[in-house]
There are 2 protein chains.
Amino acid sequence: MVRKTKEEAAATRLQLLDAAERLFSEKGVSHTSLHEIALAAGLTRGAIYWHFEDKGDLLKAMWERVALPIHDAICSSNTNKLDPLTLIRSKVCWMADHIEEDPRIFALMNIVMLRCEFTDETRSARDHFLHERETCQRHLLADFDTAIATGALPPHTNAEHAMQGIFGLVDGICFHWLIQPQAFCIRQVTHSSVDCFLAGLQRSR
Amino acid sequence: MVRKTKEEAAATRLQLLDAAERLFSEKGVSHTSLHEIALAAGLTRGAIYWHFEDKGDLLKAMWERVALPIHDAICSSNTNKLDPLTLIRSKVCWMADHIEEDPRIFALMNIVMLRCEFTDETRSARDHFLHERETCQRHLLADFDTAIATGALPPHTNAEHAMQGIFGLVDGICFHWLIQPQAFCIRQVTHSSVDCFLAGLQRSR
DNA sequence: CCATACATACATCCTTGTATGTATGTAAGT
DNA sequence: ACTTACATACATACAAGGATGTATGTATGG
């Protein structure tokens, strides 16, 4: 059955992205062949090579599709007029709050942290990831600056260290949870750890 | 040149481990062939198959060689009679204090976090890693219990959450640093973040 | 003389990339 | 309205290169 209309082609593309997402997350990027992906989507490699340049391009496309909402959540401006620390808390806990429910986010983080070698093959996807990561860090840094400026954090606070620390904290917990999801509740541990870290910032001398 | 004596054979084995360590860290585990490893060690695949069962076994052996000192550092008993929080601090900062100097530790963490897909091929090595990881966590948990029992931390402290949090913190910072080593000083950020986290624990209600 | 410690040779299986085939949608011409 | 022609959206076929595992060769130590 050859698909013809643009809508059907777009649907095919999504099927391929779905299959790639699932297989990459289950078996690892380099251990998944394009043949397997096409098969899982009920297609052939011809479809993949029509929609994507190669495996790296497919990975990148899959990556971009999921990374967008994550990026938006963390880089969103303070529309609700939350106080600075509450804003930071809600942003950095976003991942832990959604990774259990949203299989797509789970798959992305699983691929990034456990199922993907950072190498030439994944370079373009990785560059995209790093670029978004930097944007998130800049926004978070600005949020810390605001918190310091408004007195929510003491004036001597090192915003750069605070940002790197809290970012590492949530990613590290996520990393451990992905390795052993049954070991602990990522939501609880992330929330209490973030609260603890922010409390430590507030009361530092 | 065929090597004969047991000492020479042992040296050959170490050469293979060295080559594997370097290439795995540079190119990723699945993107490094046994042929490349043998070539880098000035040998052939025959030598690898003599000393190891397959790629997974080689990875596991390489892993065990480096993981041991890390394990010892974190699971060591409190011989210096440090106060509980200082002990915890020194243990969890050990990695950040050594990863820049020791290329072997750098390679191991780089492989674990960025250059290795957690999949069937790496299963035996991963299981070993997870087992040591659990041992470290148990020791660290005991250290937190001691800290609570001696009053260094408030009695209502959740030791399990604290352990997961601080472990995630240092691993997450390590993860980010490996992705972009030039972005920040891992030692500084780790130390200040750990201090901050422990301060938060101390002054929590 | 036998086991060790490799090197070499061989067969098989994948995987990738590309080239080609093909059926349909679509737009233009008449 | 009907044909023509071309682009689209794949499927199929082909060629080439690795990578792995194993089988065999071989030189030396003990």
Side-chain angles (χ1 to χ4, degrees), chain A residues 1-20 22-24 26-62 115-117 119-125, chain B residues 1-20 22-24 26-62 115-117 119-125:
Chain A
M1 290 300 176
V2 187
R3 312 219 157 187
K4 313 295 169 43
T5 72
K6 301 202 171 185
E7 289 139 16
E8 284 174 320
T12 297
R13 193 185 130 96
L14 290 181
Q15 282 175 34
L16 290 172
L17 289 175
D18 287 341
R22 187 167 60 83
L23 291 178
F24 283 163
E26 286 174 2
K27 310 180 42 174
V29 173
S30 71
H31 292 82
T32 302
S33 70
L34 296 182
H35 175 68
E36 289 174 300
I37 294 172
L39 212 68
L43 297 159
T44 65
R45 284 191 308 126
I48 294 180
Y49 278 103
W50 173 254
H51 286 282
F52 309 97
E53 288 183 16
D54 53 16
K55 200 175 183 179
D57 189 44
L58 172 59
L59 177 68
K60 184 183 172 191
M62 189 218 73
R115 300 290 197 271
C116 174
E117 294 177 7
T119 176
D120 283 342
E121 193 185 49
T122 62
R123 172 166 292 279
S124 67
Chain B
M1 291 300 177
V2 186
R3 309 216 158 190
K4 311 296 168 44
T5 72
K6 300 204 172 186
E7 288 139 16
E8 283 174 321
T12 297
R13 194 185 128 96
L14 290 181
Q15 281 176 35
L16 290 171
L17 289 175
D18 286 342
R22 188 166 61 83
L23 290 178
F24 284 163
E26 285 175 2
K27 310 180 41 173
V29 173
S30 71
H31 292 83
T32 302
S33 71
L34 296 182
H35 175 68
E36 289 174 300
I37 294 172
L39 211 68
L43 297 159
T44 66
R45 284 191 310 126
I48 294 181
Y49 279 102
W50 175 255
H51 286 282
F52 309 97
E53 287 184 16
D54 53 16
K55 199 176 183 178
D57 189 45
L58 172 60
L59 177 67
K60 186 184 170 191
M62 188 217 73
R115 300 290 198 272
C116 173
E117 295 178 7
T119 177
D120 283 341
E121 193 183 49
T122 63
R123 173 166 292 279
S124 66

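In what follows, chains carry the letters A, B, and so on, assigned in the order in which the sequence lines appear, proteins first and then strands, with residues in each chain numbered from 1.
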Legend entry - Closest non-hydrogen atom pair, B:T122 against B:C116: CG2-SG, 3.8 Å
Inset, instruction - State, to 0.1 Å, how close A:A20 and A:I37 come at their nearest heavy-atom pair, and which atoms those are. - result: N-CG2, 3.9 Å
Legend entry - For atom CD of B:E8 and atom P of C:dT4, their distance in whole Å: 16 Å
Inset, instruction - Grab the CD1-P distance between B:I48 and D:dT22 for me, whole Å please. - result: 15 Å
Inset, instruction - State the CG-CZ distance between B:L43 and B:R13, to the nearest 0.5 angstrom. - result: 13.5 Å
Legend entry - Nucleic acid contacts of residues 32-41 of chain B, taken as heavy-atom distances under 4.0 Å to DNA chain D: B:S33, B:L34
Inset, instruction - Could I get the full list of side chain to side chain contact (heavy atoms under 4.5 Å, CB included) partners for A:L14, not counting sequence neighbours? - result: A:L17, A:R65
Legend entry - salt bridge (charged side-chain N to carboxylate O under 4.0 Å, His left out) involving A:D120 - partner list, sequence neighbours excluded: A:R123
Inset, instruction - Report yes if at least one side-chain N or O of A:H51 is closer than 4.0 Å to OP1 or OP2 of D:dA9; otherwise report no. - result: no
Output one line per pair: protein atom, nucleotide atom from nucleotides 12-17 of chain D, and distance, for all N/O pairs under 3.5 Å.
unit_1	atom_1	unit_2	atom_2	d
D:dA13	N6	A:R45	NH2	3.4

Legend entry - Atom pair distance, as rounded to whole Å: CG in A:L43 and P in D:dC10: 7 Å
Inset, instruction - Whole angstrom is fine here: how far is it from CD in B:Q15 over to C1' in C:dC6? - result: 12 Å
Inset, instruction - Look at the side-chain N and O atoms of B:Y49 and state whether any lies under 4.0 Å from the OP1 or OP2 oxygen of D:dT22. - result: no
Legend entry - Pairs involving residues 43-54 of chain A, ordered by first then second residue, that meet side chain to side chain donor-acceptor pair (under 3.5 Å) (sequence neighbours left out): none
Inset, instruction - Using whole Å, report how far CG of A:L14 lies from P of D:dC10. - result: 11 Å
Inset, instruction - Please report, rounded to the nearest Å, how far the P atom of C:dT4 is from the CZ atom of B:R13. - result: 16 Å
Legend entry - C:dA5 OP1/OP2 closer than 4.0 Å to side-chain N/O of B:W50: yes
Legend entry - Non-neighbouring partners of B:E26 that pass side chain to side chain donor-acceptor pair (under 3.5 Å), sequence neighbours left out: none
Legend entry - Euclidean distance, atom CD of residue B:E121 to atom P of D:dA19 [Å, nearest integer]: 12 Å
Inset, instruction - Could you state the atom-to-atom distance from NE2 of B:H31 to P of C:dT15 in whole Å? - result: 13 Å
Legend entry - Partners meeting side chain to side chain donor-acceptor pair (under 3.5 Å) with A:S30 (sequence neighbours left out): B:S30, B:E117
Inset, instruction - Name all residues meeting the side chain to side chain contact (heavy atoms under 4.5 Å, CB included) criterion together with B:K55; count only those two or more places apart in sequence or in a different chain, and write none if there are none. - result: B:F24, B:V29, B:L34, B:E121
Inset, instruction - Give a yes/no on whether any side-chain N or O of B:T12 is located under 4.0 angstrom from OP1 or OP2 of C:dC6. - result: yes
